[in-house]
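Everything on this sheet refers to the single structure shown next.
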Amino acid sequence: MLFKPDSTDEEKSKAPRKRSLLSRLLGRMVSLLVTLVILGGLGYLGWLAFQPKQNGGGGRGAGARPDLPVPVLAATPHVQDVPVYLDGVGSVRALNTVIVRSQVDGKLLKVNFVEGQDVKKGDVLGEIDPAIYQAQYDQAVATKAKDEALLANQKIDLARYEQLAATNAGSKQQADTQRALVAQQEAIIKADQAQIDNARATLGYTKIVAPITGRAGLRQVDQGNIIHASDTTGLVILTQLQPIAVWFSLPQQQIMRVNAAAAKGQLAVDVFGNDGVTVIDTGKLTGIDNQVDPTTGTLKLKAELPNASYQLWPGQFVNVRLKVETLPQAIVVPTSAVQRGPAGTFSYVIGEGDIVTAKPVTVTQQNEHEAVIASGLTTSDRVVTTGFANLADGAKVVVGKDDGPPAADLAPRKRSRNPDGKRGAQGEGQGKDGKKDWQGKDGEHRGRHEHSEGDQKGQTGPAPAPAAGGEQSGGAPKAQP
């Protein structure tokens, strides 16, 4: 019988060493392979991210196509006289406000107005019981009549004494005394006349008269009550609404500009309605305050407006603009044509070959619709007003018309990708409405459509081939072959 000799201790120690070395080599190869796979994946992702930029052209926006011009709208600068306005916020106030009070005490017998009624100057608004004041007037008239009769008798006596004194039949002293009595009585009669005038005026105060033309407010005292001259509320408040006043404020930085414009002539003031756009009334500037409010740093101004349609009401807050000057023969462009960049304002000017150039411009003033250009443009230029998304200096453009609804070509085109990584061709696989329908096995139309951005753009991705026996639709159906 043969026996395998036992391995020695040295051979037993070498076997584990060989296995551990082999496992280390395998582990390093696996780690290296994983690292290569990761690096390859990252490189592929980077290539995918870089590929659209190459296809995009780089010179324009990310969504622009290098083979198509940028669709824009354009306008030509024109020359016109442009008014210069200063905008402010103000409040409407009645031109005159009067608290109608009674000037005498008494019982209110009549109220001759309706609340909210328009009254004229001199109209009787209320009547107070005149009995007491009529008696005082009659008494003053009677006193004067008595004193006038006494004066007549004294004048007759004076004539007699003067005749006797002339013939030395009477004393001259007696004649002089009688002459003094006559003068004294004449003064008494003048005092009586003053009493009569006072009584007549007091009697007239029993009729409460409107001091101005305006609109009556709410009645403060009802008929039948005792009204006093010391009442603070009065009978009613009258406000003058035509014309009406508007108080508004402007920043203190505009003081010199307003004063210079006011020195040349009357300044026009416009008041806007609730929408902030419609001018509801136009008037004139009537007053400028003599000091600046230190708490707000503003200057108060007062304007007067006709308010023919009663669109302005006391206490109402309104937007106001003050016309200070007019810029003659200024170059005007739409506000949308003025763009702002790091170096300031500029406009895209369309040159020869429909190539745009960015030109710096100086803007004098602008509003929501128009901008006044001081330098940089002429009336022969064409400036871009719409379509700045994919526009850059030196780009080629196609100018559309804005005399109707915007065409579909004016909107940015959507990028689409084919299965082979290329963009879809324009108009490829498009029916009449930019869609395709396919018929399934059961002959019914399925809802598979390829959309582009906008229903009328004419740019879609490639359309898949229709199924066998399918029917193509995009307008009228076609007959099967």
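Just so it is clear, the model here is predicted, and its values are computed rather than measured.
Of the inter-residue distances, the one linking D275 atom CG with I280 atom CD1 reads 9.0 Å to the nearest 0.5 angstrom. Here the straight-line distance linking atom CD of Q185 with atom CG of L158 works out to 13.0 Å at 0.5 Å rounding. Atom CD1 in I208 sits 6.0 Å away from atom CG in L108 (nearest 0.5 Å). Here the OG1-CD1 distance, from T364 to I373, works out to 7.5 Å after rounding to the nearest 0.5 Å. The structure places NZ of K284 at 5.5 Å from CD of Q266, a figure rounded to the nearest 0.5 Å. With rounding to the nearest 0.5 angstrom, the CG atom of L327 is 5.5 Å from the CD atom of Q365.
Judged purely by atom type and a 3.5 angstrom limit, S171 uses its side chain to pair as donor or acceptor with the backbone of Q173. Listed for the E115 side chain is a donor-acceptor partner under 3.5 Å among the backbone atoms of R219.
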Table please: side-chain donor-acceptor pairs of residues 186-193 below 3.5 Å, with sequence neighbours left out.
unit_1 : atom_1 : unit_2 : atom_2 : d
Q193   : OE1    : K144   : NZ     : 2.1
Q193   : NE2    : D197   : OD1    : 3.1

Output a table of donor-acceptor pairs, distance under 3.5 Å, between side-chain atoms of residues 339-356 and any protein atom two or more places apart or on a different chain; print 'none' if there are none.
unit_1 : atom_1 : unit_2 : atom_2 : d
Q339   : NE2    : S336   : O      : 2.9
T345   : OG1    : V361   : O      : 2.6
S347   : OG     : A337   : O      : 2.9
D354   : OD1    : R382   : NH2    : 3.3

Enumerate donor-acceptor pairs with a distance under 3.5 Å from any side-chain N or O in residues 247-260 to protein atoms, sequence neighbours excluded.
unit_1 : atom_1 : unit_2 : atom_2 : d
R257   : NH2    : E325   : OE2    : 3.3
N259   : ND2    : I255   : O      : 3.3

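At least one side-chain heavy atom of T357 sits under 4.5 Å from a side-chain heavy atom of D393. Looking at heavy atoms from C-beta onward, F272 lies in side-chain contact with V279 at the 4.5 angstrom threshold. When side chains are defined from C-beta on, V84 does not count as touching V372, because their heavy atoms never get closer than 4.5 Å. Using a 4.5 Å cut-off on side-chain heavy atoms (C-beta onward), T143 and D147 make contact. Looking only at side-chain heavy atoms (C-beta outward), I331 and T378 stay at 4.5 Å or farther from each other. By the 4.5 Å heavy-atom criterion applied to side chains, S102 and I128 are counted as neighbours. In this structure, the side chains of D123 and N112 stay at 4.5 Å or more apart for every pair of heavy atoms. D289 is not listed as a side-chain neighbour of L301, based on a closest heavy-atom distance of 4.5 Å or more.
Heavy atoms of other residues, nucleotides or ligands lying less than 6.0 angstrom from CD of Q80 number more than 12. The local environment of CZ in F317 is sparse, with at most 12 non-hydrogen atoms from other residues, nucleotides or ligands closer than 6.0 Å. The environment of CD in Q329 is crowded: more than 12 heavy-atom neighbours from other residues, nucleotides or ligands sit within 6.0 Å.
A pairwise comparison of heavy atoms in L267 and A261 identifies CD2-O, 3.5 Å as the closest pair. P328 and D81 make their closest contact through CA-OD1, 3.3 Å (heavy atoms, listed as atom of the first residue, atom of the second, distance). When all heavy atoms of A175 and E162 are compared, the closest pair comes out as CB-N, 4.2 Å. Residues P211 and V98 come closest through the heavy atom pair CG-CG1, 3.5 Å. Between A94 and I244 the shortest heavy-atom distance is CA-CG1, 4.2 Å. Shown here for G276 and N319, the closest heavy-atom pair between the two residues is CA-ND2, 4.4 Å.
For the residue pair Q184 / Q154, no side-chain donor-acceptor distance below 3.5 Å is found, with atom types taken as modelled.
Of the candidates K172, Q178, Q174, Y161 forms a side-chain hydrogen bond (donor to acceptor under 3.5 Å, both in side chains) with just one, namely Q174.
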Worksheet item: Under the side chain to side chain contact (heavy atoms under 4.5 Å, CB included) criterion, do D129 and T206 qualify, and how do the steps go?
Response: CA-CA 7 Å; D129 187 3; T206 58; over 6 Å; no
Worksheet item: Hey, mind stepping through I226 and D105 against side chain to side chain contact (heavy atoms under 4.5 Å, CB included) and telling me if it holds?
Response: CA-CA 7 Å; I226 301 299; D105 299 343; 5.7 Å; no
Worksheet item: Can D231 and T233 be said to form a side-chain hydrogen bond (donor to acceptor under 3.5 Å, both in side chains), step by step?
Response: CA-CA 6 Å; D231 293 341; T233 57; 5.8 Å; no
